[in-house]
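This report refers to the structure that appears directly beneath it.
Quick note on labels: first sequence line is chain A, next is B, and so on, each numbered from 1. Small disclaimer: the values here were computed from a predicted structure and weren't measured.
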Amino acid sequence: MKDLKQLATRLMELDDRLAACMKCGNCQAVCPMFGATHMEGDVARGKIVLIENLAHEVLRDPKAVAEKLSRCLLCGSCQAGCPSGVKNMEIFMEAREIVYTYLGLSVVKKMIFRILLAKPKFFNFSMRVGAPASRMFFWSSKDEQKTTHSPLLKGIIGDRHIRRVPVKPLHATVGDLDEPRIGGGVKVCFFPGCMGDKFYVDMAKACLKVFKHHNVAVYLSSKFACCGIPAVSSGDGEGMVMELKKNLDLLKGKDFDYIVTPCGSCTDTIRDWWPKYAERIDASAADFFRKLSAKAMDINAFLVNVVGVEPAEPRAGATTVTYHDSCHLKKGLGISKEPRALIQANPDYKLVEMKEADRCCGCGGSFTLYHYDLSRQIGQRKRNNIVASGAKVASAGCPACMMQMEDVLSHNGDSVLVKHPVEIYAESLK
Amino acid sequence: MASQALIKDFEQFLGPENVFSSEVDRHTYSFDAAVLRPVVPAFVIRPTNVEQLGECVTRLYREGVPMTIRGSGTNLSGGTIPDKTDTVVILTNGLNRILEINSNDLYAVVEPGVVTADLANAVAAKNLFYPPDPGSMAVSTIAGNIAENAGGLRGLKYGVTKDYVMGVEFFDATGALVKTGSRTVKCVTGYNLAGMLVQSEGTLGIISKAILKLVPPPKASKAMMAVFDDVQSAAEAVAGIIAAHILPCTLEFLDNNTIVRVDDFTKIGLPRDAGAILLIEVDGHPAQVADDAVAVEKVLKECRAREVHVAKDAAEKTQIWEARRQALPVLARVKPTTVLEDATVPRSQIPAMMKAINEIAGKYRLDVGTFGHAGDGNLHPTFLCDKRDKEEFARVEQAVDEMFDVAIKLGGTLSGEHGIGTAKAKWMEKETSRGTILFSQRLRRALDPKGLLNNTKLVGI
Ligand SMILES: Cc1cc2nc3c(=O)[nH]c(=O)nc-3n(C[C@H](O)[C@H](O)[C@H](O)COP(=O)(O)OP(=O)(O)OC[C@H]3O[C@@H](n4cnc5c(N)ncnc54)[C@H](O)[C@@H]3O)c2cc1C
Ligand code: SF4
Ligand code: SF4
Ligand code: SF4
């Protein structure tokens, strides 16, 4: 049992942060997992007790604890509402890395995070070959969201309703951009994120259209690697560092004022996690990413707070739209007014609020890959709230949330479309 | 250890998804919000309808298995920590349906695991009001509230949970269903067993249904904040308000330590040199509210309030309450362990109690912040410590002991609302009498001959 001792010692690094939890149970009110299962092991304080007990060697079953740790969307709802200020996100991410490393990362996860995501060339190639081929496997779900599903691949992807993968990802369409500043104006580094580059390509194009309209110069590399959050949340810190190194080469020495993303999770990662993991590269990388962190900005916040886009009065007969607060945007970055303002900047839309707008949609990035049933169950509550709002369009500032909402709406046969706030705003621009 | 056969039996009866017997799952039901040693139960079951609940109790009683019933596990006195390692924990969160909200007869009927805030919201949607509002209401359950007689901020005017319990149904230790109280305002059929179940902490029976009184909501309200140089003046103001025959719906108190800490953290510009702040809200008919607000303001000034702010609109009201909302969160962040007490004294004794709390904390070199429900004399001295520091924690325990001594001497009580559980069991006799303990134990033994229901809690069995 010498190894278990080592595991315990490593987990003891978290002890001070674990001790901050007063077990008040407040997190039950906001935890999407608890909402679905009502089990203490699924809510933050239960997970904290398990990590504590493993660290203090009261519990000797790391595999079972790892399984519990994976039953979490890393949505941060518990942290945002915690009266004791417990740093749940840090605790869960670090505990995952320690426990999963001890158990050995599964081969599949390693392949995804270390090869596909860290080596964009390879990923891009597989997508290029894969996307056209996917048409043979994915059948239309005949729904308003234009999703597809795949009876043939059900064993692998479950009964997911997802959009058809675009034939051409963003990087193959627009390539590298390094525009000169227009009249000494603002310049941004546009980081589309994996989902923006490969899946919601129209959304990413809408971002570029909006930048152009407002004379914002853009730096964009076709070689950006993943932001690394799927790797970290799967306990693969190494994978994150590899992706970070790749991005470092593409960002170093470039001139821009902000690094802007259309994905709440990417912005949150760039701001909070890149500087932390960069310390594992070297001091100068850490310094670079610390400075970059201050420039990280969500696209909604950028357009409203920097560019100065303003809400307008909706015209009569405007399409109703309801906005879902993505966890990483609202609870992570504190951004909730700006996406709404951006939507309202298009007078063809009228914003109506749904109940529990800031309750997690149930996607949680890689969570949905491992726990699709739970994810759907959590998503159903979001879907019910969307439909009850009566809105014709549901909007979210995070592609992962968009995918999740499309999946649940499609499964329910609802005629609600899903759009990013930037897409909605871009529609108003000529 | 639990027999595998029994686990199998329950899996068959409730479905495997409602029986948790793995080591990790059992560990997650070994604790609650009290700072006490955890005890890992044998296994955990979750009935999903009331008939199942009764059948579970019957089977466990037959097998002689100790039981602990658990709502949300937010109590602060250890009421849901299993008594022994062969205890089975019964969860109520599979029983969370609101069965009826009756707007004509002003009552609601609920299952035991309904979350307090869910009921309050559902009732508010029908333009009615369920007043008990414990700080934990976003997660606590109705049966947990009844079993602890939970209070809250509105206690002074609206009373506490017991004032809203019209009737309950419960299973006794053997699994027999007992019905008491009714949907009528008046009911004298038999003993007031519903009253007995209030604050019984899971020791007398397992509540399966509750009928709760609802009231019409107040039409208007007004909030204000008053700043005092010392606790004495604040306490005089509290007495003065009540002597003027005004019952504010809330009358909250923050001491200097709490004020300074809240201001450090929120930077909302609280008066850092103030001895105490009172936060007051009056509610009712608009004309009454306006009159009461003026009268309260007058009393506050007479009692040497240095400043009085009256909220002009909803935004200002939210701002005024911010200091109180932040009290516990801010104190909880100072040190890892937060020992949240609730010694309660007659209103007039608040200054004496406050003086004693601060002297005791000084004597044991401890950090303490006190806030609470001044209108009820219900204080929450909150000791900030790190339970991993054994020497310091021993001092906390001594300080708490000494504090209870003072509370009892001042004619007060150990616990205004957090319950006895195992945390304060040793103090019971001191506040009451030997006879009280013996009477309670005899009562328990008669009702629960095998001594299976939460048997170490309260007076023991
Ligand atoms: C941050 C915080 C703030 C709080 N604020 C307040 C406050 O303002 N006022 C207040 O009064 N309390 C407060 N509490 C204490 C606690 O929340 C209350 O005691 C609450 O009523 C407990 O509800 P629960 O559902 O969590 O019950 P649990 O903790 O699960 O159980 C409490 C007791 O009830 C028994 N019980 C549960 N269900 C049943 C049932 N069906 N039949 C019989 N017995 C049952 C249990 O065995 C146990 O003894 C607070 C706690 C915290 C952590
Ligand atoms: S809300 Fe925070 S302190 Fe309370 S139990 Fe959850 S994590 Fe712990
Ligand atoms: S991060 Fe989200 S899912 Fe995970 S424990 Fe916290 S609230 Fe629950
Ligand atoms: S997909 Fe969106 S709402 Fe869902 S967990 Fe992620 S950030 Fe939160």
Using non-hydrogen atoms only, which part of [X] is less than 4.5 Å away from chain B: side chain, backbone, both, or neither?
X       : result
A:Arg45 : both
A:Val86 : neither
A:Val49 : side chain
A:Asn26 : both
A:Cys82 : backbone

Quick one, B:Arg388 with A:Asp15, criterion side-chain contact (heavy atoms from CB on, under 4.5 Å). Give me CA distance, side-chain angles, the key distance, then yes/no.
CA-CA 10 Å; B:Arg388 295 171 300 174; A:Asp15 200 49; 2.7 Å; yes

Residue B:Asp32 versus chain A: region with a heavy atom under 4.5 Å
backbone

Chain A contact via B:Arg70 - which portion, at a heavy-atom distance below 4.5 Å
side chain

Is the shortest heavy-atom distance from the side chain of A:Glu40 to the side chain of B:Val44 under 4.5 Å?
no

Nearest 0.5 Å, what's the CG-CG distance between A:Asp16 and B:Asp386?
7.5 Å

From CD (B:Glu23) to CG (A:Asp61), nearest 0.5 Å
6.0 Å

Look at the side chain of A:Gln28 and the backbone N and O of B:Ser72, then say whether any donor-acceptor pair between them is shorter than 3.5 Å.
yes

Does the side-chain contact (heavy atoms from CB on, under 4.5 Å) test come out yes or no for B:Asp25 and A:Met39, once each step is laid out?
CA-CA 8 Å; B:Asp25 276 327; A:Met39 287 173 71; 3.5 Å; yes

Using a cut-off of under 4.5 Å on heavy-atom pairs, state which of B:Val115, B:Val139, B:Leu331 scores highest against chain A.
B:Val139

So which of B:Arg46, B:Lys335, B:Gln326 has the largest heavy-atom pair count under 4.5 angstrom toward chain A?
B:Arg46

side-chain contact (heavy atoms from CB on, under 4.5 Å) between A:Glu67 and B:Val24: does it pass, once the steps are laid out?
CA-CA 10 Å; A:Glu67 162 63 16; B:Val24 279; over 6 Å; no

Compare every heavy atom of A:Cys24 with every heavy atom of B:Ala33, then report the nearest pair and how far apart it is.
CB-CA, 4.1 Å

Of the non-hydrogen atoms in B:Ala138 and A:Ala29, which two are nearest, and what is the gap between them?
O-CB, 3.7 Å

Apply side-chain contact (heavy atoms from CB on, under 4.5 Å) to A:Phe34 and B:Asn93, showing your working.
CA-CA 11 Å; A:Phe34 188 79; B:Asn93 63 24; 4.3 Å; yes

